[in-house]
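Predicted, not measured: the structure shown is a model, and the values here were computed from it.
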Protein chains: 2
Amino acid sequence: MEQQVSAVDVAVSPLQKFQEYLATRKMRVTPERTAIVEEVFSYHEHFEAEELVERLTMQQTVRRVSRSTVYRTLNYLEEAGLLRKVARTNDREVYEHDYGYEQHDHLICRNCNTLIEFNNDEISRMLEQVAAANGFVMEGHRLEVHGLCEACSRPRRHPKLGLI
Amino acid sequence: MEQQVSAVDVAVSPLQKFQEYLATRKMRVTPERTAIVEEVFSYHEHFEAEELVERLTMQQTVRRVSRSTVYRTLNYLEEAGLLRKVARTNDREVYEHDYGYEQHDHLICRNCNTLIEFNNDEISRMLEQVAAANGFVMEGHRLEVHGLCEACSRPRRHPKLGLI
DNA sequence: GTTATTGCAAACCATTTGCAAGTGT
DNA sequence: ACACTTGCAAATGGTTTGCAATAAC
């Protein structure tokens, strides 16, 4: 199970797409923004803002990027349609890039906080229908299924420890 | 369109159910808790914590209930399975009582923040399937469909003003 | 040269919490 | 009486923001 994630063919790279977005807003391409976009798209898993700050601090390829800039850029990426908030655990937003890979949703274990990805086209199709029926133009969705993962629901046998 | 909401037959009242929950936890029935539960279930719409505080302050039937107590009680109601967080708008959690009325989800307009309810059994059924396929025990879900409502997506004609 | 961007530290703000006084059981 | 609750004010903690210095264009 390497990088076998559901890659979708895309014409332009995420970085290019972000630069287009910046251009339309008269915003600038800076080394900080570039580093953030590359880091976000180099890793195909959900992440939290703080995690990204750390990853960027680690690989000191560019000059250190401040937390503020990370947060600011995450917001722009979201507006640009390259990123989405997929959940909220422990009061922190969980992000995931949303370009070049199929949209998917998550099962969230209330005990160990593990996120299990899944995707189901029927659900997406159904959401489109519901939206249309309400004159609503759907741009995206956020679906969290809460409950207990297999390990944590197994009665008295080494359930994974919670994060608290 | 009065109280025609999808009422489901329930044996015990929400208040009773909450009292049972309190009992099992050796917690006490206080006028504050009672007032909160009654207020929450007297109104069949989504609401925010602050809104509830105001409604309780308004009708001074009981002695004023503090914000802290409201927050604390909302958490207990959630644990008791009587309430759920259905969305997050403007950095505030949006609650909705989840007992005696069918579960439903929402279309959220990114421009005017309006929430449109909908429910779709097929989606629920499908979620159960997905959960089962992953050995996951589903306890609930949260589904937000983001986009633009009819009014706000109509190009240049009096779109409803945003909240900001 | 202008105008946007950065990092810092301070501000925000919804929600939580410590604590002393009050109250169900 | 005992233990649980309340309101208050203060703390928390993720995220945002004002501002002076700095860098894109």
Side-chain angles (χ1 to χ4, degrees), chain A residues 15 18-37 39 46-54 56-57 60-80 83-95 113 163-164, chain B residues 15 18-37 39 46-54 56-57 60-80 83-95 113 163-164:
Chain A
L15 183 56
F18 188 48
Q19 294 181 345
E20 284 167 19
Y21 166 86
L22 291 176
T24 66
R25 302 284 199 111
K26 286 205 232 307
M27 289 169 72
R28 294 170 181 170
V29 175
T30 67
E32 290 83 357
R33 288 176 179 165
T34 303
I36 293 172
V37 178
E39 186 58 41
H46 40 82
F47 63 91
E48 296 175 1
E50 190 57 37
E51 242 175 279
L52 181 58
V53 171
E54 276 170 35
L56 286 163
T57 307
Q60 60 243 64
T61 57
V62 233
R63 63 168 168 281
R64 194 174 99 46
V65 181
S66 75
R67 199 187 318 282
S68 321
T69 298
V70 169
Y71 274 106
R72 281 189 277 237
T73 306
L74 286 177
N75 287 336
Y76 297 137
L77 283 171
E78 205 185 345
E79 280 184 52
L83 194 70
R84 66 186 187 115
K85 293 178 178 144
V86 292
R88 195 180 171 80
T89 61
N90 292 119
D91 284 319
R92 272 166 255 139
E93 294 291 352
V94 178
Y95 295 89
N113 278 315
L163 289 184
I164 320 199
Chain B
L15 184 54
F18 188 49
Q19 293 180 345
E20 284 167 20
Y21 166 86
L22 292 175
T24 67
R25 302 282 198 114
K26 287 204 229 312
M27 289 170 74
R28 294 172 180 167
V29 174
T30 66
E32 289 83 355
R33 288 176 179 166
T34 303
I36 293 172
V37 178
E39 186 59 41
H46 41 82
F47 64 91
E48 296 175 2
E50 191 57 36
E51 240 176 282
L52 181 59
V53 172
E54 275 171 36
L56 286 163
T57 308
Q60 62 243 65
T61 58
V62 235
R63 64 167 167 282
R64 194 173 100 45
V65 181
S66 74
R67 199 187 318 282
S68 320
T69 298
V70 168
Y71 274 107
R72 281 189 276 238
T73 307
L74 286 176
N75 287 335
Y76 297 138
L77 283 170
E78 205 184 347
E79 280 186 50
L83 193 71
R84 65 184 187 116
K85 293 176 179 148
V86 292
R88 193 179 172 81
T89 60
N90 291 120
D91 284 318
R92 271 165 258 140
E93 294 290 352
V94 178
Y95 295 89
N113 276 315
L163 290 185
I164 321 204

How about [X] and [Y]: do any of their side-chain heavy atoms sit closer than 4.5 Å?
{"X": "A:R33", "Y": "A:Q19", "result": "no"}
{"X": "B:R72", "Y": "B:E32", "result": "no"}
{"X": "B:R25", "Y": "B:Y76", "result": "no"}
{"X": "B:L74", "Y": "B:L52", "result": "yes"}

If we check side-chain contact (heavy atoms from CB on, under 4.5 Å) with B:V65, which of these qualifies: B:T73, B:V70, B:T57?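 Between B:V65 and the candidates, side-chain contact (heavy atoms from CB on, under 4.5 Å) is satisfied uniquely by B:V70.
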
Does a side-chain N or O from B:T69 land closer than 4.0 Å to OP1 or OP2 of D:dG7, or not?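 It does, given that an N or O in the side chain of B:T69 lies less than 4.0 Å from OP1 or OP2 of D:dG7.
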
Do the side-chain N or O atoms of B:R64 get closer than 4.0 angstrom to the phosphate oxygens (OP1, OP2) of D:dC8?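 B:R64 to D:dC8 OP1/OP2: side-chain N or O found under 4.0 Å.
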
Please tell me which of B:D91 and B:S68 maps to the more 5' nucleotide of DNA chain C, matching each residue to the nucleotide holding its nearest heavy atom.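 In this pair, the answer is B:D91.
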
Given that B:Y71 and A:R33 both sit by DNA chain C, which one's nearest nucleotide is further toward the 5' end?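 Its nearest nucleotide lies further toward 5', so the answer is A:R33.
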
Using only heavy-atom distances, decide whether a donor-acceptor pair under 3.5 angstrom links the side-chain of B:R72 to the base of D:dG7.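 A donor-acceptor contact between them is present.
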
Check: A:R88 side chain, D:dG14 base, donor-acceptor under 3.5 Å: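 No.
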
Which protein N or O atoms sit under 3.5 Å from an N or O of nucleotides 23-25 of chain C?
from	atom 1	to	atom 2	distance (Å)
C:dG24	O3'	B:V29	O	3.4
C:dG24	N2	B:R28	NH2	2.9
C:dG24	N3	B:R28	NH1	3.4
C:dT25	OP1	B:V29	N	3.4

A:R25 has an atom CZ; how far is it from atom P of D:dC25, in whole Å?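 For the pair A:R25 CZ and D:dC25 P, the rounded distance is 17 Å.
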
